[in-house]
Amino acid sequence: MTDDHRTRRPPHILVVRNDKLGDFMLAWPALACLKAGAPEAKISVLVPGYTAPLARLCPWIDEVILDPGDTAGKQAQRQLLSQLRRARFTAMLTLFSTPRIGWLGWRAGIPHRMAPATKWAQLFYNHRVVQRRSRSAKPEYMYNVELAEQLLNMLGYGPVTRPTAPYWPLERGIRQTQRDALVGELGLEPSSPWLFLHAGSGGSAVNLTPAQYAELAVKIDAQLAAQGISSQWLLTAGPGEETTAQALRDSLLTKDLQATVLPARQNLGDFALTLAAADLFIAGSTGPLHIAGCLNRPTAGFYPARRSATALRWQTCNDENHRLAFSPPENAEVHDMSAIDLVMAANAISALVHDLAAAPSAS
């Protein structure tokens with residue numbers, strides 16, 4: 001930090017990621033980057049009410065501002081504009097821009113407004129960065145980090161060493177506290193690997209079917225049993241997905257797997273903290289998968305082969321040796337998840353679980 005930074009008012013930065021859960025979790029590396037590069041800065045985020053409980057748990061965020069959304073009435077929009085004006089932001093970083101948000105930042109008089117140079121919403125920004133994300137040349141979270149680095153540079157901060165996983169570092173002992181709570185609540189065996197499986201899609205991600213997940217779980221369980229490892233399956237569900245999770249549990253129980261459904265948590269923040277207890281998290285490219293990745297829990301993700309939704313583009317932000325990704329082969333239809341080789345996936349997942357079980361556990 002230069003002498004100039006010590007004497008001037010600390011910057012107040014507004015970061016906007018007001019869409020889906022997975023997108024918001026992939027913004028955490030960029031938020032960590034901003035805090036690392038400008039530790040004295042106040043970081044505010046504009047998020048919908050749905051992700052606000054998680055935003056309040058993020059160690060890189062100082063203030064959470066609720067976005068009423070595109071469909072809110074004029075009064076709610078005016079109140080938000082007034083709130084942004086009073087905050088006197090130094091800069092606004094919009095990770096995914098829409099015309100309403102671009103117009104809002106301009107009307108609020110934020111002097112430095114940065115966003116990807118896409119679509120006509122970019123006209124509201126005076127700092128635009130060409131990224132061409134649809135080409136899927138790198139992970140989504142790295143595109144976000146690069147925007148954060150550009151903003152820091154624009155504000156006069158020098159290069160900063162990029163933060164590394166975990167992007168949601170928990171205080172020591174929290175993971176064990178979550179595990180102890182689940183032992184008491186559900187009677188899980190603490191010495192067995194806990195494999196969390198989220199069969200829902202949140203209404204957006206292309207995913208395996210429940211029948212495919214059942215087949216995958218049976219194959220993994222059999223391979224682990226052959227190595228003397230008895231696994232526990234904990235099935236998670238989002239709103240409206242409980243019936244799917246319960247049916248999958250019933251299917252696994254008929255095949256002699258140890259399976260239970262995670263009961264509903266108080267809010268999204270509580271649900272997210274529960275995922276810290278997982279030894280491995282299996283899902284499609286959904287919000288819960290990216291929560292687990294942000295916590296640096298081991299993950300196995302299932303992705304379509306569509307160019308804008310590849311395993312590289314929507315890679316989890318955990319350590320490389322903590323993540324597996326599976327997609328249809330190149331000669332299959334991009335959305336044909338039935339083309340994924342479940343035997344190969346089960347082999348890779350069971351091998352990772354075996355290696356993790358052999359390694360010292362982390363708190």
Side-chain angles (χ1 to χ4, degrees), residues 165-166 168 170 172-200 208 210 213-214 216-238 241-242 244-246 248-253 255-265 270-284 286-302 316 318-319 321-324 345-363:
W168 186 1
L170 296 177
R172 187 173 181 83
I174 289 183
R175 171 170 151 78
Q176 188 58 51
T177 297
Q178 292 294 326
R179 289 180 66 87
D180 291 344
L182 288 176
V183 169
E185 181 181 7
L186 302 175
L188 300 184
E189 172 52 55
S191 62
S192 297
W194 293 2
L195 309 185
F196 283 42
L197 195 161
H198 189 91
L208 298 182
Y213 273 124
L216 176 71
V218 169
K219 292 181 185 302
I220 294 170
D221 206 77
Q223 292 195 29
L224 292 175
Q227 302 171 57
I229 299 173
S230 176
S231 55
Q232 303 260 315
W233 291 88
L234 191 57
L235 310 180
T236 62
E241 298 172 342
E242 298 86 356
T244 298
Q246 291 163 2
L248 180 56
R249 175 205 57 199
D250 294 344
S251 176
L252 297 183
L253 290 176
K255 297 173 174 62
D256 296 326
L257 275 66
Q258 299 297 315
T260 189
V261 175
L262 178 71
R265 309 330 262 174
D270 290 336
F271 171 79
L273 284 172
T274 302
L275 302 193
D279 289 308
L280 182 88
F281 193 89
I282 302 171
T286 62
L289 182 76
H290 293 296
I291 293 173
C294 216
L295 288 163
N296 207 27
R297 301 316 307 149
T299 56
F302 290 84
T316 49
N318 44 358
D319 286 331
N321 63 356
H322 275 190
R323 62 175 179 260
L324 296 170
N347 288 342
I349 293 171
S350 59
L352 179 58
V353 173
H354 177 270
D355 293 344
L356 294 169
S361 61
S363 61

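- Using modelled atom types, one finds a donor on one side chain and an acceptor on the other under 3.5 Å when comparing Asp180 with Gln176.
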For the pair His354 and Gln223, evaluate side-chain hydrogen bond (donor to acceptor under 3.5 Å, both in side chains) and give the outcome as yes or no after the intermediate values. CA-CA 10 Å; His354 177 270; Gln223 292 195 29; over 6 Å; no

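- Taking every heavy atom of both residues into account, Ser230 and Pro193 meet most closely at O-CD, 3.4 Å.
- Counting heavy atoms from C-beta outward, Trp168 and Ile291 have side chains that approach closer than 4.5 Å.
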Chi angles and distances behind the side-chain contact (heavy atoms from CB on, under 4.5 Å) call for Arg297, Leu280: CA-CA 6 Å; Arg297 301 316 307 149; Leu280 182 88; over 6 Å; no

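- Here the closest non-hydrogen pair linking Leu170 and Ala276 is CD1-CB, 3.6 Å.
- Checking side-chain atoms of Asn296 against main-chain N and O of Asp319 turns up a donor-acceptor pair under 3.5 Å.
- A side-chain donor from one of Thr316 and Thr299 sits under 3.5 Å from a side-chain acceptor of the other.
- Here the shortest heavy-atom pairing between Trp194 and Asp279 reads N-OD2, 2.7 Å.
- Taking 4.5 Å as the limit, some side-chain heavy atom of Ile282 sits within range of a side-chain heavy atom of Ile220.
- Nearest heavy atom pair, residue Ala300 against residue Leu289, reads O-CD1, 4.0 Å.
- Looking only at side-chain heavy atoms (C-beta outward), Leu262 and Phe271 come within less than 4.5 Å of each other.
- Below 30°, between 30° and 60°, or above 60°: for Phe302 and Tyr213 the angle between ring planes is above 60°, a perpendicular geometry.
- Residues Ala277 and Arg179 approach most closely at O-NH1, 2.8 Å, considering heavy atoms.
- Across Leu352 and Asn321, no two heavy atoms sit closer than the pair CD1-O, 3.8 Å.
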Apply side-chain contact (heavy atoms from CB on, under 4.5 Å) to Trp233 and Thr260, showing your working. CA-CA 6 Å; Trp233 291 88; Thr260 189; over 6 Å; no

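- Listed for the Gln227 side chain is no donor-acceptor partner under 3.5 Å among the backbone atoms of Ile229.
- A donor-acceptor pair under 3.5 Å links the side-chain atoms of Arg175 to the main chain of Ala278, judged by distance alone.
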